[in-house]
There are 2 protein chains.
Amino acid sequence: MQTTSPIVEKNKKEKTASKRKRQIFDAAIHLFLEKGVANTSMRELAVAVNMTTGGLYHYVKSKEEIVRMVTRNAIYAHESVKALRKSLGDISPNEALRACTKFWLTLEKTAQEQTIFLDRERVHMGADMQQVYSESVRSLIHFFESLLDDGVKAGEFEVDNVFLTAFNIYMSRIQFATKWWLLQDLFTAEEYATQQTNAVMKQILVDRNKIS
Amino acid sequence: MQTTSPIVEKNKKEKTASKRKRQIFDAAIHLFLEKGVANTSMRELAVAVNMTTGGLYHYVKSKEEIVRMVTRNAIYAHESVKALRKSLGDISPNEALRACTKFWLTLEKTAQEQTIFLDRERVHMGADMQQVYSESVRSLIHFFESLLDDGVKAGEFEVDNVFLTAFNIYMSRIQFATKWWLLQDLFTAEEYATQQTNAVMKQILVDRNKIS
DNA sequence: GTCTATATAAGGATAGAC
DNA sequence: GTCTATCCTTATATAGAC
């Protein structure tokens with residue numbers, strides 16, 4: 001006769017527990033996006049995951065904790081762009097910038113929703129999270145600046161204002177996420193990314209034949 | 001002996017009443033911006049104008065009414081750009097686009113705050129106001145499209161994607177307003193407007209010598 | 001026209017049964 | 001681990017005194 005060991009038991013519970021937490025997390029992002037953080041109640045969130053508030057509080061400490069979770073997670077999108085650059089290794093500044101810009105502009109839908117969340121709900125974050133968020137934004141813009149600098153040094157780019165150009169690349173994505181309601185009838189995410197990327201490259205490339 | 005006529009009396013009251021309402025309106029914009037609509041209570045708003053909630057409700061019917069007032073007012077900023085174009089009369093497409101872009105990018109601070117409000121608090125508007133807002137945005141973008149078209153026809157501009165360029169002009173301002181916390185140490189509003197305007201013109205002008 | 005007091009509703013969070 | 005019941009706080013909005 002076989003009995004399940006206590007450790008396996010514990011792991012099992014932890015697995016379903018983290019599954020539940022994940023479920024709550026996903027539902028929270030969805031509701032926060034649709035109605036805003038302040039307009040989403042814990043009761044609603046509980047209903048969305050087929051629980052009652054009492055049950056919900058078994059998994060999360062407070063509403064604020066959820067906001068923190070979502071915020072932290074959203075910031076990973078920023079890091080993934082830098083990770084891509086590293087994985088690409090030794091390529092030309094032209095190709096590097098194009099690849100990273102395109103990647104940043106086509107991050108999948110979940111990440112897109114998180115971008116909106118960050119951008120819009122800054123006012124509902126605690127002071128500490130606002131700080132973390134700001135740093136993350138600055139860091140990503142700085143990353144694009146360095147890509148631009150590389151190209152300038154290599155003689156491939158000609159850029160009037162490096163910061164502003166980097167800022168605009170960063171913002172192209174935010175624009176798409178926050179103005180989705182306006183753009184969805186006109187572009188797919190893919191088309192938007194392609195065209196904005198081209199617009200950027202056209203602005204800075206010394207040799208315009210390299211656009212393709 | 002002179003007595004004030006009833007009509008003068010009435011006008012006087014209406015004047016102070018509308019002054020009060022204006023005061024409430026200004027305070028509301030300020031608070032909504034800083035803390036978001038949902039996080040701003042009528043009590044707070046009352047305190048901000050040195051009243052109690054009871055007094056406040058003498059002037060406004062509901063919180064929703066205030067949001068509607070602010071929304072409607074914010075939309076005037078869009079109209080003022082079109083009005084400028086008309087007032088300029090018969091000038092070259094190049095000059096017209098430059099003037100309107102610059103104007104749109106430098107609208108004074110109050111209008112700037114209202115832009116943030118609209119962009120961020122869309123989720124707190126009623127369905128009807130969301131509709132009005134969307135229309136107004138589309139209309140302004142369309143206005144920039146027509147300016148671009150004029151230039152293309154006149155052979156002054158060369159534009160790959162007219163809508164996207166118009167959209168980016170529109171968004172340059174929203175960017176500045178919503179990312180003010182990021183940009184304020186780097187640009188004055190004036191500098192930002194100048195540089196973004198130049199970036200746009202550089203992208204589309206056939207004859208680049210016409211930039212400055 | 002402004003205040004105090006209060007009705008009424010909703011939200012976050014907890015205690016304790018099962 | 002989930003539910004019911006409930007506490008406490010805060011919010012919108014109104015009634016009526018002054």
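Chain naming here is simple, since letters A, B, ... match the order of the sequence lines and numbering starts at 1 in each. What you are looking at is a predicted structure, and each value in this text was computed from that prediction instead of being measured.
When the P atom of C:dG1 is taken as reference, atom CD1 of B:Ile24 falls 12 Å away, rounded to whole Å. Atom NZ of B:Lys21 is separated from atom C1' of C:dT2 by 17 Å (rounded to the nearest Å). Rounded to whole angstrom, the span from the CG atom of A:Leu56 across to the P atom of C:dG12 amounts to 10 Å. The distance from atom CE of A:Met51 to atom P of D:dT4 is 13 Å, rounded to the nearest whole Å. A:Glu44 places its CD atom 7 Å from the P atom of C:dG11, with the value rounded to the nearest Å. Across the protein-nucleic acid pair, B:Leu45 atom CG and D:dT10 atom P stand 18 Å apart, rounded to whole Å.
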- Item | salt bridge (charged side-chain N to carboxylate O under 4.0 Å, His left out) evaluation trace for A:Arg120 with B:Glu121 | CA-CA 8 Å; A:Arg120 191 183 69 193; B:Glu121 304 282 344; over 6 Å; no
- Task: Start with the C-alpha distance between A:Ile204 and A:Thr165, add both sets of side-chain angles, then the distance that settles side-chain contact (heavy atoms from CB on, under 4.5 Å), and finish with yes or no.
- Result: CA-CA 9 Å; A:Ile204 61 171; A:Thr165 308; 4.1 Å; yes
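Near DNA chain D, defined here as any heavy-atom distance below 4.0 Å, the residues from residues 31-41 of chain B are B:Thr40, B:Ser41, listed numerically.
At least one donor-acceptor pair closer than 3.5 Å links the side chain of B:Ser87 to the backbone N or O of B:Leu84.
Applying the side-chain contact (heavy atoms from CB on, under 4.5 Å) rule to B:Ala99 yields the partners B:Leu88; only residues at least two apart in sequence or on another chain are considered. For B:Thr52, there are no side-chain contact (heavy atoms from CB on, under 4.5 Å) partners at least two apart in sequence or on another chain.
Shown here is A:Arg138, whose CZ atom has more than 12 heavy atoms of other residues, nucleotides or ligands within 6.0 Å.
No side-chain donor-acceptor contact under 3.5 Å links B:Gln114 and B:Tyr76. If you check the side chains of B:Asn168 and A:Gln196, you find a donor sitting under 3.5 Å from an acceptor.
A rotation axis mapping the C1' atoms of four pairs onto the next four is fitted at both ends of the helix from C:dG1-D:dC18 to C:dC18-D:dG1 over five pairs, and the angle between these axes is 0° to 10 degrees.
A:Ala193 approaches A:Thr197 most closely through the heavy-atom pair O-OG1, 2.5 Å.
Counting only heavy atoms from C-beta on, B:His58 has its side chain closest to C:dT2 among D:dT2, C:dT4, C:dT2.
In this structure, the separation between CZ on A:Phe144 and CG on A:Leu97 is 7.5 Å, given to the nearest 0.5 Å.
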- Note on the structure: Reading nucleotides 13-18 of chain D from 5' to 3' and marking B where a protein heavy atom lies under 4.0 Å of the base, S where only the sugar-phosphate is that close, and - otherwise, the string is BB----
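Counting only residues at least two apart or in different chains, salt bridge (Lys or Arg N to Asp or Glu O under 4.0 Å) contacts with residues 75-85 of chain A comprise A:Glu79-A:Lys82.
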